[in-house]
Number of protein chains: 2
Amino acid sequence: MCLVSLIPIRPGLEPERRDAARNRQLVLRAARELIEECGADGLTMGTLAQRAGVGKGTVFRRFGSRAGLMMTLLSDAEAGFQGRFMFGPPPLGPGAPPLERLIAFGEERIAWVLEFGELARAADVSAYNRFDVPAAVLWHRHLEMLLREAGLTADPWLMATSLSAVVEPERILHAVRVHQIDPERLAASWRELVSRVVRGA
Amino acid sequence: MCLVSLIPIRPGLEPERRDAARNRQLVLRAARELIEECGADGLTMGTLAQRAGVGKGTVFRRFGSRAGLMMTLLSDAEAGFQGRFMFGPPPLGPGAPPLERLIAFGEERIAWVLEFGELARAADVSAYNRFDVPAAVLWHRHLEMLLREAGLTADPWLMATSLSAVVEPERILHAVRVHQIDPERLAASWRELVSRVVRGA
DNA sequence: AATAGAAACGGACCGCAGTCCGTTTTGCTC
DNA sequence: GAGCAAAACGGACTGCGGTCCGTTTCTATT
């Protein structure tokens, strides 16, 4: 089971130095505590460094940026999601017809966003390359593959892009939190959408 | 012709004081110059204030935030777009069948994003309420109306939300600038998508 | 155990968006 | 024109993400 990480793989095979490993754990633990207390949006890198008892430079050296840190914190949930749609039981995993897998993918993603969405929003790199993060590329490829399997011949790549846009955390959270849309209604709309997209060839 | 502004209407009817009006013009002129020279992303509020010859506080008092300033700069282009799809000639404006209007809306929007997208990205308020800006609400209502007219009975409100997501500036610019997708291909995919969404009642 | 150089450390520092509040300008009233 | 309250001004200030670089710690080698 080879999952694609949300964060770049460490290129070298050499393990980190002992102090580096220790500090990583310190920072991650402190980050989880702070998010528990103040929410993801309330976490600042300065406070985090202080709480972890390390310098700010260390935090940035380890995780690159605030978004990188959030990605690391997400990676467990991320790996779980990946595992389910790539290797898990049908209808989400392989074995079910493509339309059913598409439907299940959206439903699962909506539920995932409702659980981890705040973190995911904080992890969104603000620049263009937000869509080129490995995990996002994987989701996209998965959608594209299912669309092809369902017989969609008209530009599955772009259609997968459109479907990805529909289940972006920001919109889903807005619909649920601001407009009080029932998550089940979101799922129903997704079912309707993908059914129509793949209907008839 | 009553267009919905991208920025909140000034609540009071009283005109601004003369110095306020003068400074607004100074700031807007300086902003256009700076964007010309450095791009929207290169504009900083400090530099802008300096260039305009006013204090930073004045800029923020006038426009509220960097995003607010960008919205003001966009409002002409925005009003033009609104005018075309609400009152302009078919197929974008009233008179054409709903599916054709939907198709034209997407095509026009894609072209608009390619022209003003950088500004639009800079104008995007980062918070949740980005989707509740008057202009965004208007686009959404327009899509919803066209979907209803096209006979879509299954949750037109959420379907309009999904379609809005598809033509967000960030994704479109990413597709074109990073993946070098031909804009005509984007338009074709949009046609395919909306045709399938409204097909069969 | 001594050593050397690579890696990691940490906090002063930078540029930015946005705020605050004492000062100045404006336009209305007499 | 003098006086006055309200509005606008402006720049010092805050808090943030992120960088830089002199200092410290580790580990491989002898």
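Residue numbers begin at 1 in each chain, while the letters A, B, ... track the order of the sequences.
- Minimum interatomic distance between Arg196(B) and Val197(A) (heavy atoms only, all atoms of both residues): NH1-O, 2.7 Å.
- Only one option out of Leu119(A), Leu34(A), Leu73(A) pairs with Leu43(A) in a side chain to side chain contact (heavy atoms under 4.5 Å, CB included); it is Leu34(A).
- Residue pairs meeting the salt bridge (charged side-chain N to carboxylate O under 4.0 Å, His left out) criterion with at least one partner in residues 79-93 of chain A, sequence neighbours excluded, are Arg84(A)-Glu108(A).
- Where Asn23(A) and Arg18(B) meet DNA chain C, the nucleotide closest to each residue was compared, and Asn23(A) sits on the side nearer the 5' end.
- By the 6.0 Å contact criterion, CZ on Arg185(A) is enclosed, its count of non-hydrogen atoms from other residues, nucleotides or ligands being greater than 12.
- If you take CD of Glu16(B) and P of dG27(C), they are 11 Å apart, rounded to a whole angstrom.
- Rounded to an integer number of Å, the gap from CG of Leu48(A) to C1' of dG18(D) is 14 Å.
- The distance from atom CZ of Phe63(A) to atom P of dC9(C) is 10 Å, rounded to the nearest whole Å.
- Using bins of under 30°, 30° to 60° and over 60° for the plane-to-plane angle, the ring pair His142(B)/Phe105(B) lands in the tilted bin.
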### Nucleic acid footprint by protein, nucleotides 11-22 of chain C - heavy-atom cut-off 4.0 Å, B for base, S for sugar-phosphate alone
B----SBBB---
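- Residue side chain Arg17(B) reaches the base of dA7(D) through a donor-acceptor N/O pair under 3.5 Å, judged by distance alone.
- Atom CZ of Arg22(A) is separated from atom P of dT24(D) by 16 Å (rounded to the nearest Å).
- A perpendicular orientation is assigned to the rings of Phe85(A) and Phe81(A), their planes being inclined by more than 60° (bins at 30° and 60°).
- Atoms CD (Gln50(B)) and C1' (dG10(D)) sit 13 Å apart, rounded to a whole Å.
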